[in-house]
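In what follows, a structure is listed as structure tokens, so that the remarks can point back to it.
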Amino acid sequence: MIAAEAPDDLVRAVEATLFAAEEPMSAEQIALHLGFGEKGAGQVRPAIAELARHYEGRGILLVERGKRWHFETAPDLAHLLRREKEELRRLSRAATEVLAIVAYHEPVSRAEIEAIRGVQTAKGTLDVLMEAGWVRVAGRREVPGRPVIYATTLVFLDHFGLGTLRELPGIDELRAAGLLDPVDEDMIEAVLGPANVRKTDEPESDPD
Amino acid sequence: MIAAEAPDDLVRAVEATLFAAEEPMSAEQIALHLGFGEKGAGQVRPAIAELARHYEGRGILLVERGKRWHFETAPDLAHLLRREKEELRRLSRAATEVLAIVAYHEPVSRAEIEAIRGVQTAKGTLDVLMEAGWVRVAGRREVPGRPVIYATTLVFLDHFGLGTLRELPGIDELRAAGLLDPVDEDMIEAVLGPANVRKTDEPESDPD
Amino acid sequence: MIEAPGLFDGWGGEDRAEAQDDALYLEIDGWEGPLDLLLDLARRQKVDLRTISILELVDAYLTYIEQAEALRLELAADYLVMAAWLAYLKSALLLPRDEAEDPSPEEMALRLQMRLQRLGAMREAAGRLMGRNRLGRDVFARGAPEGLRVDRKSLWQCSWYDLVRAYGDVKVRSEPVVHMVRERMVMTLDSAIQRVSSMLGVAIDWMDLRDFLPPAHDTWADPRLRRSALASSFVAALELARTGKAEIVQDETFGPLRLRAVKP
């Protein structure tokens with residue numbers, strides 16, 4: 001009770017730092033900023049935890065997003081604060097679907113996205129998601145053709161209020177049901193019409 | 001005390017509103033924002049007062065400026081916003097030379113420094129020396145073009161443990177101390193008369 | 001916020017199933033390909049995608065395609081390809097089983113069903129994701145953060161020795177380069193011409209050039225001065241030969257040079 005009323009200097013410093021920061025900060029970044037050096041994260045973590053506790057139930061919360069901390073307004077106040085910003089363009093259905101596929105399957109190639117959706121994905125769809133800062137190129141898959149693979153960003157976690165990708169809605173059930181398993185190319189061929197049926201007629205072409 | 005632990009919804013709403021605001025807000029603006037209408041300021045004022053009390057002594061404060069409220073970093077923590085990080089850096093060779101020339105020849109213009117060094121002196125070099133606090137602008141020389149002239153500072157004398165610039169060794173002392181010793185054989189031969197004369201007397205013996 | 005229904009019922013995102021049936025047949029451009037259309041038709045069966053009847057789904061798809069054709073809607077080729085494949089699947093499912101068939105119609109039907117489940121799951125996940133409280137719309141970061149800045153301040157290091165040494169280097173480098181040549185004794189060309197011509201005047205026969213040099217003692221013992229005298233005497237001889245006062249012979253290359261006066 002008294003601690004909450006009179007936070008110690010470290011807690012105050014972490015509080016001020018996180019309030020003033022323009023971007024979410026990791027414990028390491030906070031420690032570095034406060035002069036604890038690169039290995040000072042352990043020293044600031046208890047202060048972060050105390051702050052998070054202190055703000056529980058208040059109008060603003062200290063939340064962790066991808067191991068980085070920032071203050072944001074309490075979600076239950078959304079109805080009072082909600083603004084439809086113009087920048088928050090409405091994503092097309094295709095774009096939201098691609099975003100979900102990237103998030104639930106990451107890292108994922110464009111071909112894999114297309115296999116799930118059953119249609120070609122316009123280049124522009126991924127561009128829009130990358131421009132929004134939600135999706136990034138995460139390298140190439142080391143298979144023939146070395147396709148580019150995509151993954152989500154920290155901004156994505158921030159924006160959708162996710163601490164980690166494990167907090168994606170329903171991800172555990174989807175995984176348990178096998179619905180996030182790697183896409184089976186032959187299954188696609190089986191579905192996508194005569195050309196593929198001919199292919200699947202060749203026995204044992206299935207690598208699985 | 002209990003209120004501080006569990007703020008009521010109005011306090012929470014005011015807290016979130018002020019936190020998310022891009023500019024300081026008056027009680028009227030807050031009331032309007034929260035849907036209390038134009039005359040709701042009286043209703044939100046107690047909430048503002050309670051918030052201001054709550055944040056007393058914390059890392060951030062709710063402060064009033066010209067009847068408008070906003071959060072800001074506690075004054076005693078302001079140094080956290082603009083932290084200075086000191087790094088030891090060795091002066092570059094060029095900068096050391098320029099500093100020496102200023103010390104031996106002050107006051108001296110950039111053109112004169114260049115004439116003595118025999119190479120152009122980047123503007124940045126003098127900037128570094130001024131940033132270090134060792135060189136200052138000492139006015140302008142009253143010649144056409146009125147070039148800026150540079151001189152050393154008291155900080156310079158302190159740093160190098162000099163009472164006055166006269167304590168810097170003269171050319172003869174430098175030579176005696178071996179500080180004019182060969183760096184480059186040919187250069188030395190050009191300077192150190194006798195050795196050269198002997199050599200030019202026996203041109204056949206010169207391997208060149 | 002979009003209400004997120006149960007995870008596996010295949011419903012999610014925009015609730016297009018509420019659309020009127022006739023609207024369905026005018027909406028061919030509204031689907032992203034045949035799989036999307038199939039998923040929508042599956043949703044209309046209002047059963048779990050896991051237990052959906054593929055035969056009923058195939059019928060719904062084929063009916064839709066027929067109606068669209070009757071309405072003279074232009075159908076993209078892939079819709080027709082899918083229709084043909086589904087017709088084939090349907091007949092395979094209905095006809096007596098051919099054991100040699102690989103994959104079996106049931107397996108193909110199962111795969112189609114699995115694909116629909118996956119797409120349905122992602123569509124629903126997208127709906128739930130977009131319906132979350134979103135930063136900048138529902139929850140907000142601090143509106144006017146002061147910002148953190150770290151000013152890197154350099155503490156410059158330079159020792160007294162570095163300073164003085166640097167000045168020494170500058171001085172050494174910038175000292176004007178002077179080539180000193182010591183003055184030394186030489187026999188000038190004029191004196192050589194005088195000496196050679198006067199000696200030639202009294203000579204009777206050929207004389208070796210070296211005999212014109214002063215005797216090698218005292219000052220003239222210096223080999224450097226002797227070299228100068230030899231060079232000057234040689235040039236003097238050439239000069240006298242040029243003006244027709246002397247002739248020079250050399251019997252072999254690098255052999256001794258001999259001179260005699262030309263009698264007028």
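Protein chains get the first letters and strands the later ones, always in sequence-line order, with residue 1 at the start of each.
Of the atoms belonging to B:Val98, not a single heavy atom falls under 4.5 Å from chain C. If you measure heavy-atom distances from B:His79 to chain C, you find no contacts under 4.5 Å at all. Of the two parts of B:Leu168, only the side chain, counted from C-beta on, holds a non-hydrogen atom closer than 4.5 Å to a non-hydrogen atom of chain C.
Here the straight-line distance linking atom CZ of B:Arg82 with atom CG of C:Leu148 works out to 8.5 Å at 0.5 Å rounding. With rounding to the nearest 0.5 Å, the separation of SG in C:Cys158 from CH2 in B:Trp134 is 5.5 Å. Rounding to the nearest 0.5 Å places NE2 of B:His70 at 8.5 Å from CZ of C:Arg142. Here C:Trp156 contributes atom CH2 and B:Thr96 contributes atom OG1; the two are 9.5 Å apart, rounded to the nearest 0.5 Å. Atoms CZ and NZ, on B:Arg117 and C:Lys171 in that order, are 14.0 Å from each other to the nearest 0.5 Å. Remark: B:Leu80 CG to C:Glu146 CD distance equals 11.0 Å, nearest 0.5 Å.
A salt bridge links C:Asp162 with B:Arg90: the closest approach of a Lys/Arg side-chain nitrogen to an acidic carboxylate oxygen falls below 4.0 angstrom.
Taking each heavy atom of C:Ala141 and B:Phe19 in turn, the nearest pair found is C-CE2, 3.4 Å. Closest approach of C:Ala144 to B:Glu22, counting heavy atoms only: CB-O, 3.5 Å. The two residues C:Phe140 and B:Ala20 make their nearest non-hydrogen contact at CB-CB, 3.5 Å.
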(request) Tell me, with the steps shown, if B:Phe156 and C:Leu163 meet side-chain contact (heavy atoms from CB on, under 4.5 Å). (result) CA-CA 11 Å; B:Phe156 169 84; C:Leu163 181 75; 3.6 Å; yes

(message) Could you go through C:Arg173 and B:Glu97, starting from their C-alpha distance and side-chain angles, then the distance that decides it, and tell me whether this counts as side-chain contact (heavy atoms from CB on, under 4.5 Å)?
(response) CA-CA 12 Å; C:Arg173 201 171 63 219; B:Glu97 282 185 17; 2.9 Å; yes

(request) In sequence, state the C-alpha distance, the side-chain angles, and the governing distance for C:Gln157 and B:Arg89, and then conclude on side-chain contact (heavy atoms from CB on, under 4.5 Å). (result) CA-CA 6 Å; C:Gln157 295 291 294; B:Arg89 289 177 68 184; over 6 Å; no

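Relative ring orientation between C:Tyr167 and B:Tyr104 is described as parallel, the plane-to-plane angle staying below 30° on a 0-90° scale split at 30° and 60°.
Among B:Leu129, B:Leu18, B:Val128, the residue making the largest number of heavy-atom pairs under 4.5 Å with chain C is B:Val128.
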